[in-house]
Amino acid sequence: MSLAESASDTNGAFQDIPVIDLSGATSPNESERKALAHQIRDACMNVGFFYVRNHGIPPECIDNVLSVNKEYYSLPVEEKIKLHHKAVSNFRGYTPLLDSNIDPVSTGDMHEGFEIGWEALVAGPNDEKRKDGAMAGANVWPERPEGYREAMLKYYHAAIAVGKILFPLFALSLDLPERYFDDKTKHSAALMSALHYPPQIGTVDDRVVGIGAHTDFECFTILWQQPGIQALQVLNSEKKWIDAPPMDGTLVINLGDQFARWTNDIFKSTVHRAVNRNGIDRYSIPLFFGTDYEVNVEPIASCVSAERPARYEPIKAGEYVNQRLKDMYY
């Protein structure tokens, strides 16, 4: 059965989020890699979300990036606002509370964030020649706290490594050659946000949540969630919000709209939101992993049939991401 044919057998009425062990992702045994890709295909077709264990990011790397962000977000707003993202042409820098509004029915997103893009920890001679398209340009960094840049970039590159492990598995899950995405991700301009959600107390108002109901717009998101604090919720096909609580030692992977476009909606880009009503501060770090921005995103042939014609016109990845960011912030 082709991918296009199997799409009719999916069931989006999930009640929990599957957990997938990545320890076999680079196994020399092809059948082991394909078995793992089959698990990923099932999760992508039915849920659009899954947890991963044994992802390879050291705990101390996570501890360090959490520590510097707790320090950063304790700084006065007047200091943080100096690097307001609207003063930077590539959406990087600081986003204050309620500055973004990803869901039109909301009055604003109750979180603040700091966004960065690709940057080598130690600058190399060809760094300025990278083709990062719509989001080209240097990161901006706060003067305080000490070690912020180093901790952020060490986590960023560790998360990039997870993404590079996942792309071949996604290819196998789509019955494509394992290295299908290699020439499309030579300069993947992944964007990463370190987010702080203050506690929401008092009267519950669903028009103001940590981040409103939305789908992501890159290929997939690699999300670290602070342990012990429930906030992330995923919407199933029965329009029920399903909790996706933090699980020790895991990351959350969710598909974005670029992958939905590529797979002609066979892989799900699922609506989700974050609501922090725990009475304490919450931190999370999503890294939005996409393709090179000059790559055309259009439905893959195996995902199109007479019964399931192409649902999307081709569009450059960078053009698509840039427009979605403008819609969110402006």
Side-chain angles (χ1 to χ4, degrees), residues 22 52-85 88 90-97 99 111-124 127 130 132 135 137-166 188-198 210-211 218 220-229 231-232 246-253 274 276 280-290:
L22 289 184
V52 291
R53 294 192 186 280
N54 294 310
H55 47 72
I57 300 182
E60 59 270 21
C61 180
I62 295 171
D63 292 343
N64 289 341
V65 76
L66 174 60
S67 177
V68 295
N69 275 290
K70 285 183 175 180
E71 286 188 66
Y72 174 71
Y73 287 113
S74 69
L75 296 173
V77 172
E78 294 76 18
E79 183 169 347
K80 291 179 288 188
I81 206 70
K82 293 176 183 177
L83 296 178
H84 194 295
H85 71 91
V88 182
N90 53 11
F91 300 99
R92 301 180 190 180
Y94 175 65
T95 300
L97 290 173
D99 189 71
H111 70 264
E112 52 183 340
F114 195 91
E115 186 142 349
I116 66 168
W118 189 93
E119 180 181 330
L121 191 58
V122 178
D127 286 356
R130 285 177 53 87
D132 286 348
M135 263 51 73
N139 290 319
V140 294
W141 297 104
E143 295 178 0
R144 296 192 294 166
E146 184 178 351
Y148 190 78
R149 175 185 177 274
E150 181 181 7
M152 287 280 280
L153 285 177
K154 281 185 174 179
Y155 179 84
Y156 177 92
H157 287 288
I160 288 285
V162 177
K164 290 186 178 297
I165 287 172
L166 286 172
S188 280
L191 298 173
M192 185 180 92
S193 295
L195 303 178
H196 166 231
Y197 296 82
I211 184 168
E218 294 275 16
F220 56 90
T221 302
I222 301 169
L223 173 70
W224 173 82
Q225 305 185 81
Q226 187 176 6
I229 304 176
L232 177 62
M247 298 177 64
D248 288 345
T250 70
L251 301 168
V252 174
I253 310 298
N276 181 24
I280 56 176
D281 294 283
R282 173 188 182 253
Y283 299 87
S284 70
I285 305 175
L287 182 139
F288 307 98
F289 209 120

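Only this structure's heavy atoms are used, side chains among them; waters, hydrogens and symmetry mates stay out. This chain uses plain numbering: 1 for the first residue, then up along the sequence.
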Please name the pair of heavy atoms, one in [X] and one in [Y], separated by the smallest distance, quoted to 0.1 Å.
X	Y	result
L22	H55	CD1-CA, 4.4 Å
Q226	D281	OE1-O, 3.8 Å
A138	R92	C-NH1, 3.7 Å
V140	F114	O-CZ, 3.2 Å
Y197	N276	O-ND2, 3.0 Å
M152	W141	CB-CZ3, 3.9 Å

(request) Scan side-chain atoms only and decide if E115 and S193 contain a donor-acceptor pair under the 3.5 Å cut-off. (result)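 Note: E115 and S193 side chains meet the donor-acceptor criterion.
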Any side-chain heavy-atom pair of [X] and [Y] under 4.5 Å:
X	Y	value
L195	P286	yes
E146	E71	no
I253	I222	yes
L287	V162	no

With rounding to the nearest 0.5 Å, note down the distance linking [atom1] in [X] to [atom2] in [Y].
X	Y	atom1	atom2	value
I285	T221	CD1	OG1	13.5 Å
L251	N54	CG	CG	11.0 Å
E143	R149	CD	CZ	15.0 Å
F220	L166	CZ	CG	5.0 Å

Test your reading of the model: is there a side-chain donor-acceptor pair from [X] to the backbone of [Y], 3.5 Å cut-off?
X	Y	answer
E112	H196	no
H157	E119	yes
Y94	E79	no

(request) Indicate the ring-plane relationship of Y73 and Y283, choosing parallel, tilted or perpendicular according to the 30° and 60° boundaries. (result)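 Rings of Y73 and Y283: tilted, 30 to 60°.
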(message) Among W118, Y155, F288, which residue satisfies the side-chain contact (heavy atoms from CB on, under 4.5 Å) criterion with M192?
(response)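 With M192 as partner, W118, Y155, F288 yield a single side-chain contact (heavy atoms from CB on, under 4.5 Å), made by Y155.
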For residues 61-70, dump all side-chain donor-acceptor pairs below 3.5 Å to protein atoms at least two apart in sequence or in another chain.
from, atom 1, to, atom 2, distance (Å)
N64, ND2, E60, O, 3.2
N69, OD1, Y148, OH, 2.8
N69, ND2, V65, O, 2.9

(message) Would you say that more than 12 heavy atoms from the other residues, nucleotides or ligands in this model lie under 6.0 Å from the NZ of K80, or not?
(response)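 Enclosed.
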